[in-house]
Amino acid sequence: MKDSNPATEPIGQNLIKLISNLCFSVFVFSVLIFTVIAITYQPPDPWLESAPALTKLFTESENATFQTDNSIINTGEDLASVLPPAASPNATATPITEAAIEKIENQITNSTLPQPDCEKVGFVNCSDPHVLIAVEKFNLKVFKSIAFLEYQTPVNGSKPDECDVAWRFRNKKEKSWRKYRDFRRFRFDVGENCTYKVVHSGGWHSGLNARRPRSRINATRAGGNPKVAPQIRDDEINDTIPSLGSEMNFRKGKYLYYSRGGDYCKGMNHYMWSFLCGLGEAMYLNRTFVMDLSMCLAATYNPSNKDEEGKDFRYYFDFEHLKETASVVEEGEFLRDWKKWNRSHKRKVPVKKVVSHKLTPLQLKKDKSTIIWRQFDAPEPENYWYRVCEGQAAKYIQRPWHALWKSKRLMNIVSEISGRMDWDFDAVHVVRGGKAQNKELWPHLDSDTSPDALLEKLKGMIQPWRNLYIATNEPYYNYFDKLRSNFKIHLLDDYKELWGNTSEWYNETSLLNDGKPVEFDGYMRVAVDTEVFYRAKTRVETFYNLTKDCKDGVNTC
Ligand SMILES: *[C@@H]1O[C@H](CO)[C@@H](O)[C@H](O)[C@H]1NC(C)=O
Ligand SMILES: *[C@@H]1O[C@H](CO)[C@@H](O)[C@H](O)[C@H]1NC(C)=O
Ligand SMILES: *[C@@H]1O[C@H](CO)[C@@H](O)[C@H](O)[C@H]1NC(C)=O
Ligand SMILES: *[C@@H]1O[C@H](CO)[C@@H](O)[C@H](O)[C@H]1NC(C)=O
Ligand SMILES: *[C@@H]1O[C@H](CO)[C@@H](O)[C@H](O)[C@H]1NC(C)=O
Ligand SMILES: *[C@@H]1O[C@H](CO)[C@@H](O)[C@H](O)[C@H]1NC(C)=O
Ligand SMILES: *[C@@H]1O[C@H](CO)[C@@H](O)[C@H](O)[C@H]1NC(C)=O
Ligand SMILES: *[C@@H]1O[C@H](CO)[C@@H](O)[C@H](O)[C@H]1NC(C)=O
Ligand SMILES: *[C@@H]1O[C@H](CO)[C@@H](O)[C@H](O)[C@H]1NC(C)=O
Ligand SMILES: *[C@@H]1O[C@H](CO)[C@@H](O)[C@H](O)[C@H]1NC(C)=O
Ligand SMILES: *[C@@H]1O[C@H](CO)[C@@H](O)[C@H](O)[C@H]1NC(C)=O
Ligand SMILES: *[C@@H]1O[C@H](CO)[C@@H](O)[C@H](O)[C@H]1NC(C)=O
């Protein structure tokens, strides 16, 4: 239950200014969120019941945006009860067990397969099934918190005594049923009685030969939308933008189109709250949601401290999962097909333009227009998308939280970090930033999270010399040095190369960005920190475990 409690403190330098006039409403709102999740933990929409309060918050303070904790970010995959089990036919994929391996081993041994050729020193035949068995056993022994789901036949590595092996896995802690893929390089030795033994295993994604060749789709598509990224598909992530195909397909569809409103450039939680409202309405109306993949990331998450436009949805969220879960079409594709239709047909496509959020989804239910176009041109806060879901609508529109997962590209970084600690680590979430500086609301936080206090507290909770991952918004890297006398400290910045210019993440995100490098921004940092924290064995929270200060300021707990 602790997992799914979105902590609720604002950080970020410019927020300190905001805090005085926002703190009360933030407090109201965060208490509500916490209460809803902690107590009910049932409804498919974890924030639903706080909607009236949220609306009040947004509409009362002129600059208010959705401010929750910027140091822990939950998405659909972190809210276990939100996942509809029916939607996961493969959730029950059976992990490979010791017993299963032995069974296969026996079958091989009893069959007439030639035994390994153990005369040749320093050579291993990668297609020999005994090789795979050796790897499977090795992995089971080393990675105890991983469920291994399926292996591919090993292939040659770079040397005669090496093989590259690929497999799919799931972390036993992960609440989504998403599978990840790893491929590593193994070095073997032939032991007694011609048994293969793994003597060395390479790191995450080191078995390059076992990686399936990428299928390159030549994608200068007709009409070439500059916003559409080059369609070079990762062998694992298929988040290309689907095209509608023919004009007839376009005409046959039914769409719900939200044009850009006041939500643009607001915080990411505001974005999610609004986006899921639109998507929820589309689901309710059985329509395809027209979505803009180009986002604006609010200043709080940007190192430049400015709002930045042109961020791809797919940097942050799992578009592949979204495509599978909901009916969506990318705005550029949609407009192009619409334009094409306009040019070649006298009869226009029926459009219903809706200019006020006060027209409810219920009233649109009977509308047969091909396109329902909600326009959000009113002054703030009348132009927020989520306002469609207020009032009566809240009773029948459900935000599809299960559709919104974190980007798999980010999750691969999470897997790598956890994997490098052999999935055997503890973690502490240290909230500092603006809260630590605000002595009025959090009088003890700063001292309770000082290096000396941390060391004393953690000594009582974490075994000495354990791997300790620190998820934090403290920007100063050396702040935690004192803890190194007792623990093996890991910080996000220790893994910089995972998003550096030689990384897979870098390659894959720049493909989404017309070949230009993508910055690893504050939101991505928090997303990764959050998920690594959730994979730890022992988890220490700031506000339950380190300080008696309340999460939302004095006298709120
Ligand atoms: C609110 O926004 C207005 C204009 O958008 C700005 O002038 C003002 O400084 C903002 N207030 C705060 C507290 O940031
Ligand atoms: C899910 O399982 C079915 C058969 O059980 C299989 O055909 C399908 O490819 C699997 N889907 C994924 C995404 O693994
Ligand atoms: C293989 O042979 C062993 C002993 O000869 C026997 O116990 C085992 O059941 C056999 N396994 C299979 C799968 O035939
Ligand atoms: C490698 O093993 C496979 C399967 O046991 C066998 O078919 C193949 O002939 C072997 N290759 C070499 C070079 O030994
Ligand atoms: C793997 O290596 C062996 C020996 O070096 C060679 O005989 C075999 O053809 C290689 N297999 C592939 C698929 O390249
Ligand atoms: C090798 O085989 C012999 C007899 O077949 C057996 O006694 C011995 O334990 C085996 N050694 C290993 C390491 O399996
Ligand atoms: C894509 O197609 C164009 C023309 O159809 C061709 O000139 C270009 O080389 C192709 N690119 C790739 C990567 O195949
Ligand atoms: C990728 O997903 C689209 C649907 O969004 C599907 O049509 C396409 O076949 C998929 N490509 C691969 C390689 O799986
Ligand atoms: C959407 O489809 C479902 C089942 O197909 C149906 O029960 C529901 O009434 C439809 N909703 C609308 C608004 O057409
Ligand atoms: C298509 O024509 C309609 C009616 O003239 C217009 O409202 C709409 O904006 C046009 N669509 C595009 C994409 O130009
Ligand atoms: C990234 O792309 C470059 C150039 O295409 C390639 O040489 C490099 O191996 C790639 N790195 C990774 C980690 O995939
Ligand atoms: C942190 O506090 C919670 C709530 O009081 C408690 O359940 C948990 O065991 C504590 N964690 C540690 C590591 O002490």
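In each ligand, atom 1 is the first atom listed, and ligand 1 is the first ligand listed. Below, each value reflects all heavy atoms present in this structure, side chains not excepted, and no hydrogens, waters or symmetry copies. Because the structure is predicted, anything quoted here is derived from the model rather than measured. Residue numbers run from 1 in the order of the sequence given.
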Any atoms of ligand 10 less than 4.0 Å from a non-hydrogen atom of Lys339? List them with their elements.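 Near Lys339, the atoms of ligand 10 are 13 (C), 14 (O).
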
Trp341 side chain reached by Arg251 side chain, heavy atoms, under 4.5 Å: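 When only atoms from C-beta onward are counted, Trp341 and Arg251 do touch, with a gap below 4.5 Å.
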
For Val540, take its heavy atoms, then give the atoms of ligand 12 lying under 4.0 Å from any of them.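 In order of numbering, the contacting atoms are 13 (C).
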
Closest candidate by heavy atom, reference [atom], pool [options]:
atom	options	result
atom 1 (C) of ligand 4	Val124, Asn125, Asp128, Val131	Asn125
atom 14 (O) of ligand 10	Leu335, Asn342, Asp337	Asn342
atom 8 (C) of ligand 12	Leu546, Thr538, Asn545, Leu458	Asn545

Quick check: closest heavy atoms across Phe143 and Trp423, and the distance to 0.1 Å?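 Between these two residues, the closest heavy atoms are CD2-CD1, 3.4 Å.
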
In terms of residue, atom name and distance, what is the protein heavy atom nearest to atom 7 (O) of ligand 10?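 Sorting protein heavy atoms by distance from atom 7 (O) of ligand 10 puts Lys353 NZ, 4.0 Å first.
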
For Arg466, all residues meeting salt bridge (charged side-chain N to carboxylate O under 4.0 Å, His left out), sequence neighbours excluded: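 Salt bridge (charged side-chain N to carboxylate O under 4.0 Å, His left out) check on Arg466 returns Asp424, Asp426.
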
Could you check whether Phe376 and Tyr384 have their ring centres less than 6.0 Å apart?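 Between Phe376 and Tyr384, which both carry aromatic rings, the centre distance is not below 6.0 Å.
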
Are the aromatic rings of Tyr469 and Phe533 close, with centres under 6.0 Å apart?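 That pair fails the under 6.0 Å test.
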
Aromatic rings Trp167 and Phe148: how do their planes relate, parallel, tilted or perpendicular, breaks at 30° and 60°?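 Perpendicular.
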
Met461 near ligand 12 by a heavy-atom separation under 4.0 Å: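 Yes, Met461 has a heavy atom closer than 4.0 Å to ligand 12.
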
